[in-house]
Q: 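Can you read through this structure? Questions will come right after.
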Amino acid sequence: MGERTHWRQERVYVRRRRIALALTALVCVSLVTSVIMVWQALSPESAADAKGTAPAVSSTTATPAPRPRVATPEVVQHRPSAETRLRRVDRFTGGITPKSVDASGHGLVLANNMIYSHSITVYDSTTHQLVKRLPDSIDLSKFGFPEHKGIAKGGPVEAAWTKDAKYAYVSNYVMSGPGFRGFAKDECSPKSGFDRGFVYRFNATTMSWDQAIEVGAVPKFVAITPDQSKVVISNWCDFTISIIDRATARQIKVIKLAAQPRGIVIMPDNRTAYVAAMYGNKVFRVDMETGEHHVILAVDRPRHLVLSPDSRTLYLAASGTNRVYKIDTGTDKVVAQVVSGPEPRSMTISQDGTALYVVNYSGKSASKISTADMKVVQRVPTDPSPIGITYDDATHQVWVACYGGSMIVFDDTRATEQVTGDSPGSGATSAIDSSVTATAE
């Protein structure tokens with residue numbers, strides 16, 4: 001009887017132990033499942049998959065994979081730009097020889113590295129990090145030019161962004177490769193017989209070239225009409241400007257002007273352009289529909305043009321006089337002028353139109369000019385040969401491209417009394433021969 005009772009008790013204990021083990025196993029499975037679900041919810045890869053996009057990958061490579069453009073949050077500026085002062089916040093190099101620099105206003109900044117580096121470099125306008133290094137190598141036969149089958153190179157000079165920042169049009173100094181002579185220089189004329197040049201279109205979504213458009217010899221400056229329908233190019237060695245229809249990606253008109261045309265701005269009517277012919281020593285007003293044009297100003301080496309936001313004022317940087325001129329577009333007369341520094345080259349203007357920013361190529365400096373009274377309110381040191389400059393509307397920062405191989409970024413949001421102890425620009429080792437720089441206009 002005692003053995004039977006003991007056996008029954010063992011059976012009860014066994015059942016209890018089995019139930020306890022089963023409950024323990026069930027709790028463990030539930031905990032593991034919960035942990036996995038939480039991990040999946042927090043995982044960047046799972047979040048990206050849920051949204052139908054690729055996961056974000058941190059990379060330190062120079063050419064990361066194409067990524068969608070992210071809108072940059074705008075920095076609010078509470079006072080006019082004429083009342084703020086430049087403060088250097090960054091300087092970087094990295095295999096660049098920037099001839100020009102252009103901000104999209106939507107998160108990207110593009111630098112053109114000419115024939116010395118054969119590339120463009122694209123940066124995040126907020127972090128200043130390299131987003132893409134894109135070579136200027138292209139097979140033109142894939143863009144409708146079978147006579148140039150094979151890889152050709154260009155030499156990016158200048159760029160212009162579309163208003164929506166989806167595309168940038170980039171001029172190329174001289175093409176080399178199948179079907180090209182592969183040679184050009186700044187001392188030239190239509191009799192030089194240099195090859196016709198090409199403008200590429202940069203796609204900011206795919207981070208690649210998606211169009212190639214044939215224009216004149218040694219194309220330089222690029223401008224887009226306000227209605228975004230046409231692109232206008234100055235052809236340095238042809239003494240012409242090319243007008244490109246964006247819808248067909250073809251040159252539709254050529255207008256002959258004078259020696260070495262460069263800077264271009266286009267009025268709100270989409271047909272009136274101002275063009276600076278640098279070695280023709282003239283500034284022209286051009287009717288792009290009829291081709292008619294006339295000289296509004298004769299001046300030594302006019303190079304760059306900028307319009308005020310309301311288009312009532314034209315600003316001209318003349319390298320030969322070291323001056324910046326203020327011109328009333330209603331009368332085409334000079335109303336004011338100021339010495340910027342030794343050999344002013346490129347200019348840009350603040351979003352509110354109250355300040356100009358000018359690079360002084362031979363002065364290793366950039367000047368900030370108040371547009372109301374045309375006075376230099378600040379001059380900051382740069383690296384040697386500053387040649388390109390752009391104002392980023394989103395961040396209110398000014399980027400300066402130095403031909404020797406560096407980029408300098410200035411913040412322009414602080415008031416005068418807040419800017420103290422600016423560090424001077426450190427020198428950069430020149431990446432190109434000084435004799436080349438001196439003639440690279």
Q: If we ignore hydrogens and angles and just use 3.5 Å, is the side chain of S234 paired with the main-chain N or O of R262 as donor and acceptor?
A: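 Checked: pair present.
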
Q: Any chance you could lay out the side-chain hydrogen bond (donor to acceptor under 3.5 Å, both in side chains) test for T371 and T354, step after step, and finish with the verdict?
A: CA-CA 5 Å; T371 58; T354 66; 5.6 Å; no

Q: At what distance, to the nearest 0.5 angstrom, does CZ of F221 lie from CD of E158?
A: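 These two atoms lie 5.5 Å from each other.
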
Q: Charged N to carboxylate O under 4.0 angstrom, D332 versus R285?
A: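 Salt bridge: yes.
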
Q: Counting distance only, does the side-chain N/O of S346 pair as donor-acceptor with the main-chain N or O of I387 below 3.5 Å?
A: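 A pair under 3.5 Å: yes.
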
Q: Ignoring hydrogens and angles, state whether a donor on the side chain of T127 or Y123 is under 3.5 Å from an acceptor on the partner side chain.
A: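 Short answer, no.
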
Q: Can you tell if the side chain of S319 reaches within under 4.5 Å of the side chain of R345, non-hydrogen atoms only?
A: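 They are in contact (side-chain heavy atoms under 4.5 Å apart), so the answer is yes.
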
Q: Suppose we screen for side chain to side chain contact (heavy atoms under 4.5 Å, CB included). Which residues come up paired with N360, at least two apart in sequence or across chains?
A: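 S340, P342, P344, V358, S365, S367, R379.
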
Q: Taking NZ in K326 as the centre, count heavy atoms belonging to other residues, nucleotides or ligands within less than 6.0 Å. Is the count above 12?
A: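 Atom NZ in K326 is packed in, count exceeds 12.
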
Q: Can you measure from CG (D392) to OG1 (T126) and round to the nearest 0.5 angstrom?
A: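 The CG atom of D392 sits 7.0 Å away from the OG1 atom of T126.
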
Q: Kindly confirm or rule out a cation-pi arrangement of R88 over F410, judged by NZ or CZ under 6.0 Å from the six-membered ring centre and within 45° of its axis?
A: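 Negative - R88 is either too far from the ring of F410 or too far off its axis.
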
Q: Report yes or no: does D411 contribute a side-chain atom to a donor-acceptor pair with the main-chain N or O of T413 at less than 3.5 Å?
A: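 Yes.
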
Q: Only one of P384, P381, S385 forms a side chain to side chain contact (heavy atoms under 4.5 Å, CB included) with K364, so which one is it?
A: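 Exactly one candidate clears the test, P384.
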
Q: Would you please test S229 and R246 for side chain to side chain contact (heavy atoms under 4.5 Å, CB included) and show each step?
A: CA-CA 6 Å; S229 67; R246 285 193 63 207; 5.9 Å; no

Q: With sequence neighbours excluded, what pairs up with Y169 under the ring pair (Phe, Tyr, Trp, His ring centres under 6.0 Å) test?
A: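 Ring pair (Phe, Tyr, Trp, His ring centres under 6.0 Å) list for Y169, sorted by chain: empty.
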
Q: Any donor and acceptor pair, going by atom type alone, linking the side chain of D245 with main-chain N or O of T248 inside 3.5 Å?
A: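 Checked: pair present.
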
Q: Under the criterion side-chain hydrogen bond (donor to acceptor under 3.5 Å, both in side chains), I'd like the reasoning laid out for D412 against Y391: C-alpha separation, chi angles, the key distance, then a yes or no.
A: CA-CA 9 Å; D412 195 33; Y391 182 94; 5.2 Å; no

Q: Please determine if E343 and R301 form a salt bridge, counting it only when a charged side-chain N lies under 4.0 Å from a carboxylate O.
A: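 Salt bridge flag = yes for R301 with E343.
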
Q: Anything under 3.5 Å between a donor and an acceptor, one on a side chain of residues 139-157, the other on a protein residue two or more places apart or in another chain? List them.
A:
from, atom 1, to, atom 2, distance (Å)
D139, OD1, S141, N, 3.1
D139, OD1, S141, OG, 2.6
D139, OD1, G150, N, 3.1
D139, OD2, S141, OG, 3.4
H148, ND1, P178, O, 2.8

Q: Write out all pairs satisfying disulfide (SG to SG under 2.5 Å) with one or both partners inside residues 188-278, taking only residues at least two apart or from two chains.
A: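 Found C188-C237.
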
Q: Please report whether the ring centroid of Y325 lies less than 6.0 Å from that of Y315.
A: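 Ring centroids of Y315 and Y325 are no less than 6.0 Å from each other.
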
Q: Which heavy-atom pair separates D352 from P80 by the least distance, and what is that distance?
A: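 Scanning both residues completely, I find the closest heavy atoms to be OD2-CA, 3.3 Å.
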
Q: Quick one: does any side-chain atom of T121 pair with a main-chain N or O of K132 as donor and acceptor, under 3.5 Å?
A: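 Checked: no pair found.
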
Q: Search all heavy atoms of M267 against all heavy atoms of S311 and return the closest pair with its distance.
A: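 Heavy atoms of M267 and S311 come nearest at CE-O, 3.5 Å.
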
Q: With sequence neighbours excluded, tell me which residues meet side chain to side chain donor-acceptor pair (under 3.5 Å) with S119.
A: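 With neighbours one apart ignored, the set is N113.
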
Q: Nearest 0.5 Å please: distance from the CD1 atom of I389 over to the OG atom of S100.
A: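 Rounded to the nearest 0.5 Å, the CD1-OG separation comes to 12.5 Å.
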
Q: If I compare all heavy atoms of Q397 with all of V409, which pair ends up nearest, and what's the gap?
A: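 Shortest heavy-atom contact: OE1-CG1, 3.6 Å.
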
Q: Is the backbone N or O of M347 less than 3.5 Å from a side-chain atom of H304, with the two atoms forming a donor-acceptor pair by type?
A: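 Looks like yes, one N/O pair under 3.5 Å.
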
Q: Going by atom types only, do T84 and K368 share a side-chain donor-acceptor pair under 3.5 Å?
A: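 A pair is found: one side chain offers a donor N or O, the other an acceptor, under 3.5 Å apart.
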
Q: V283 and V275: side chain to side chain contact (heavy atoms under 4.5 Å, CB included), yes or no, with the steps?
A: CA-CA 6 Å; V283 179; V275 182; over 6 Å; no

Q: Walk me through whether Q337 and M374 qualify under side chain to side chain contact (heavy atoms under 4.5 Å, CB included).
A: CA-CA 6 Å; Q337 56 184 280; M374 289 301 284; 5.9 Å; no

Q: Measuring from I266:CD1 to T225:OG1, what's the distance to the nearest 0.5 Å?
A: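 Those atoms lie 5.5 Å apart.
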
Q: How long is the gap from CG on L297 to OH on Y274, to the nearest 0.5 Å?
A: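 If we round to the nearest 0.5 Å, L297:CG and Y274:OH are 11.5 Å apart.
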
Q: Using a distance-only test with no angle check, is there a side-chain donor-acceptor pair under 3.5 angstrom linking T348 and T390?
A: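 Judged by distance alone, the side chains do not pair up.
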
Q: Could you tell me whether R271 and D287 make a salt bridge, using a distance below 4.0 angstrom between a side-chain N and a carboxylate O?
A: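 Yes, R271 and D287 are salt-bridged.
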
Q: I'd like to know if the side chain of H396 reaches the main chain of A394, judged simply by a donor and an acceptor atom lying under 3.5 Å from each other, with no hydrogens or angles considered.
A: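 Flag not set: sc H396 to bb A394 has no pair under 3.5 Å.
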
Q: Do the non-hydrogen side-chain atoms of V338 and R323 ever get within less than 4.5 Å of each other?
A: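 No, too far: nothing below the 4.5 Å cut-off.
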
Q: How far apart are the closest heavy atoms of V400 and P386, and which atoms are they?
A: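 Scanning both residues completely, I find the closest heavy atoms to be CG1-CB, 3.9 Å.
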
Q: Apply side chain to side chain contact (heavy atoms under 4.5 Å, CB included) to residues T162 and Q228 and explain how you reach the verdict.
A: CA-CA 7 Å; T162 54; Q228 304 292 283; 3.5 Å; yes

Q: Examine distances only and state if a side-chain atom of K253 and a backbone atom of I244 form a donor-acceptor pair shorter than 3.5 Å.
A: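 Not confirmed, K253 side chain does not pair with I244 backbone.
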
Q: Could you state the interatomic distance from CD1 (I296) to NZ (K333), rounded to the nearest 0.5 Å?
A: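 Atom-to-atom, I296:CD1 and K333:NZ are 9.0 Å apart.
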
Q: Less than 3.5 Å apart, which donor and acceptor atoms pair up between the side chains of residues 194-204 and the rest of the protein, not counting sequence neighbours?
A:
from, atom 1, to, atom 2, distance (Å)
D195, OD2, R181, N, 2.6
R196, NE, V215, O, 2.9
Y200, OH, D136, O, 3.1
R201, NE, D210, OD1, 2.8
R201, NH2, D210, OD2, 3.0
N203, OD1, T205, N, 2.8
N203, OD1, T206, N, 3.1
N203, ND2, D210, OD2, 3.2

Q: Kindly give the heavy-atom pair with the smallest separation between G405 and P98, and that separation in Å.
A: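 In terms of heavy atoms, the two residues are closest at CA-CD, 4.2 Å.
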
Q: Kindly say whether L86 contributes a backbone atom to a donor-acceptor pair with the side chain of Q378 at under 3.5 angstrom?
A: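 A pair under 3.5 Å: yes.
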
Q: Are H106 and W161, when compared by the centres of their aromatic rings, separated by less than 6.0 Å?
A: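 Ring-ring flag for H106/W161: false, centres at least 6.0 Å apart.
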
Q: Donor-acceptor pair, distance only, cut-off 3.5 Å: does the side chain of R91 make one with the backbone of T382?
A: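 Checked: no pair found.
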
Q: Assess whether side-chain hydrogen bond (donor to acceptor under 3.5 Å, both in side chains) is satisfied between T240 and N235, documenting all intermediate values.
A: CA-CA 5 Å; T240 64; N235 301 305; 3.0 Å; yes

Q: May I ask you to test the L305-L314 pair for a side-chain heavy-atom distance under 4.5 Å?
A: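 When only atoms from C-beta onward are counted, L314 and L305 do touch, with a gap below 4.5 Å.
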
Q: Check S125 against T395 and note the closest heavy-atom contact, atom names and distance.
A: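 Closest heavy-atom pair between S125 and T395: O-CG2, 3.9 Å.
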
Q: Decide yes or no for E289 and I243: does some side-chain heavy atom of the first lie under 4.5 Å from some side-chain heavy atom of the second?
A: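 E289 does not reach I243 side chain to side chain.
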
